[in-house]
Amino acid sequence: MSGTPRVLVTGATGFVGRQTLAPLQALGFDVHMLDYGLPVEIPPGVIAHSANLLEAAGRAAVIDAVRPTHLLHLAWYVEHGKFWEADENLAWTAASFDLLRRFTAGGGQRAVFAGTCAEYDWSAPPLRERTTPLRPATLYGFCKRLLFETATDWAERNRCSLAWGRVFFLYGPHEPPVRLVPSVIGALLRGEPALCSVGTQVRDFLHVADVAGAFAALVKSPVTGPVNIAGGQPTSIAELVRILGEECGRPDLVRLGARPLAANDPPDLTADATRLLSE
């Protein structure tokens, strides 16, 4: 085991995290995960640990127990509809930086953190890692940006390889049912109208398994700095909903324009995925 890289996955029972475990194993990692008591199928060979990352003692205990060479940090406060401006973002910023500090002090070599497209200035798509300004409009985006900047500086000073995966829009199994894709599918399968906005908004959607696979590949990779986790294939909400209607066999129940567009809903949030796809 001494020659096998050990990766600690936080947020491992979450929407994305549970999908990273098998790909990390396939890449040759000894995988350790934090178990938050949520139901999740753990692949054979993955070792689960219990720790509260919001407590210093919990962070210290899990780093001491695992002694990871690699860290995939996905844990954060993500309650739908609340996380954008929740005070919990502040606690997770501090806890995440301290986790990185303890990881490097324990000999950690490579860390990958989950960022967000909400760090960017959304006024000039496509959003590019090296040229689009960071100008978040929410507390969530601000805290992720703050952590990105402080973690990057710390990693450089302590010779730790750090990559920052900026997640865009995703869908798939275990997604909260109130989000766009599962809410539309749920309504259609119940034989109810799927009430949507006009759907002119353009987004960059990626299946959660592909998002997780990208994070696993990033852990194995030597690439550093920010990397957009997106497909680079923009799709309008209207087109996405149309496809869902066809797949569910109920295109007649799709109601585009039944809901108003939110005043602050940006018309275009697409990513330049060049780094992910080529590096």
Side-chain angles (χ1 to χ4, degrees), residues 10-20 36-41 74-89 91-92 114-119 122 136-144 166-212 215 229-231 234-271:
T10 73
T13 56
F15 182 34
V16 176
R18 67 178 65 204
Q19 299 270 2
T20 67
Y36 300 94
L38 298 174
V40 60
E41 184 176 346
L74 303 173
W76 200 269
Y77 177 78
V78 291
E79 186 169 349
H80 182 73
K82 296 182 178 180
F83 71 92
W84 291 111
E85 299 295 343
D87 289 346
E88 284 86 347
N89 287 297
W92 274 106
T116 170
C117 64
E119 298 169 56
W122 284 352
T138 62
L139 181 60
Y140 170 68
F142 175 82
C143 286
K144 286 286 191 175
R166 291 201 176 114
V167 180
F168 277 67
F169 297 86
L170 59 167
Y171 67 95
H174 308 291
E175 185 176 12
V178 293
R179 289 169 60 91
L180 174 64
V181 171
S183 67
V184 170
I185 292 174
L188 297 177
L189 294 181
R190 291 190 301 269
E192 301 170 359
L195 307 180
C196 307
S197 71
V198 68
T200 54
Q201 315 95 301
V202 176
R203 299 291 185 262
D204 198 316
F205 285 95
L206 199 59
H207 191 277
V208 65
D210 294 322
V211 173
F215 270 115
I229 306 295
T235 304
S236 71
I237 298 294
E239 176 62 11
L240 174 64
V241 172
R242 184 195 67 77
I243 293 171
L244 295 177
E246 295 290 342
E247 291 294 326
C248 291
R250 295 306 307 264
D252 57 306
L253 290 177
V254 172
R255 300 286 190 271
L256 291 171
R259 296 184 186 276
L261 277 173
N264 60 349
D265 200 5
D268 188 345
L269 283 180
T270 56

### Task
Dump the intermediate steps for side chain to side chain contact (heavy atoms under 4.5 Å, CB included) on V198 and L261, then the final yes or no.
CA-CA 7 Å; V198 68; L261 277 173; 3.9 Å; yes

### Task
Kindly determine whether L240 and V184 satisfy side chain to side chain contact (heavy atoms under 4.5 Å, CB included), including the steps that lead there.
CA-CA 10 Å; L240 174 64; V184 170; over 6 Å; no

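Shortest non-hydrogen contact noted between N89 and F83 is ND2-O, 2.7 Å. Residues Q19 and A209 share a closest heavy-atom pair of OE1-CB, 3.9 Å. Across all their heavy atoms, A114 and L74 have their closest contact at CB-CD2, 3.7 Å. Smallest separation of non-hydrogen atoms from F215 and I229: CZ-CG1, 4.2 Å. The shortest heavy-atom contact between V16 and A212 is O-CB, 3.8 Å. Of all non-hydrogen atoms in A238 and L256, the two that sit nearest each other are CB-CD1, 3.9 Å.
With respect to the salt-bridge test (charged N to carboxylate O, under 4.0 angstrom), the residues K82 and D87 do not qualify.
Taken to the nearest 0.5 Å, the OG1 atom of T270 stands 10.0 Å off from the CZ atom of F169. Interatomic distance, C196 SG to R242 CZ, rounded to the nearest 0.5 Å: 13.5 Å.
Two rings, from Y140 and W84, have their centers less than 6.0 Å apart.
F15 is listed as a side-chain neighbour of E175, based on a closest heavy-atom distance under 4.5 Å. For the pair I237/T200, no side-chain contact is recorded, criterion being any heavy-atom separation below 4.5 Å from C-beta on. Side-chain contact between W122 and L269 is present, with heavy atoms from C-beta onward closer than 4.5 Å. Within the 4.5 Å cutoff, no side-chain heavy atoms of V241 are placed close to those of I243. C143 has its side chain within reach of W76: a pair of non-hydrogen atoms, C-beta onward, lies under 4.5 Å apart. Side-chain contact check for C117 versus R166: every heavy-atom pair is 4.5 Å or farther apart. Here the side chains of I185 and C248 are in contact, with some heavy-atom distance below 4.5 Å. Side-chain contact check for V178 versus S183: every heavy-atom pair is 4.5 Å or farther apart.
Side-chain N or O atoms of R255 include one that pairs as donor or acceptor with a backbone N or O of D252 at under 3.5 Å. Listed for the D204 side chain is a donor-acceptor partner under 3.5 Å among the backbone atoms of G231. Checked by atom type and distance alone, the side chain of R18 never pairs as donor or acceptor with a backbone atom of A12 at under 3.5 Å. Of the possible polar contacts, none joining the T116 side chain to the E119 backbone as a donor-acceptor pair under 3.5 Å is found. Checked by atom type and distance alone, the side chain of T10 pairs as donor or acceptor with a backbone atom of A75 at under 3.5 Å.
Residue F142 places its CZ atom among 12 or fewer non-hydrogen atoms of other residues, nucleotides or ligands, all under 6.0 Å distant. Applying the 6.0 Å contact sphere to CD of E247 captures no more than 12 heavy atoms from other residues, nucleotides or ligands. Other residues, nucleotides and ligands contribute over 12 non-hydrogen atoms within 6.0 Å of the CD atom of E85.
Contacts of H207 classified as ring pair (Phe, Tyr, Trp, His ring centres under 6.0 Å), with partners at least two apart in sequence or in another chain: Y171. Applying the side chain to side chain donor-acceptor pair (under 3.5 Å) test to T20 and every residue at least two apart in sequence or in another chain returns nothing.
There is no side-chain donor-acceptor pair under 3.5 Å between Q201 and D268.
Note that K144 lies outside the cation-pi zone of W92, set by a 6.0 Å cut-off to the ring centre and a 45° limit from the axis.
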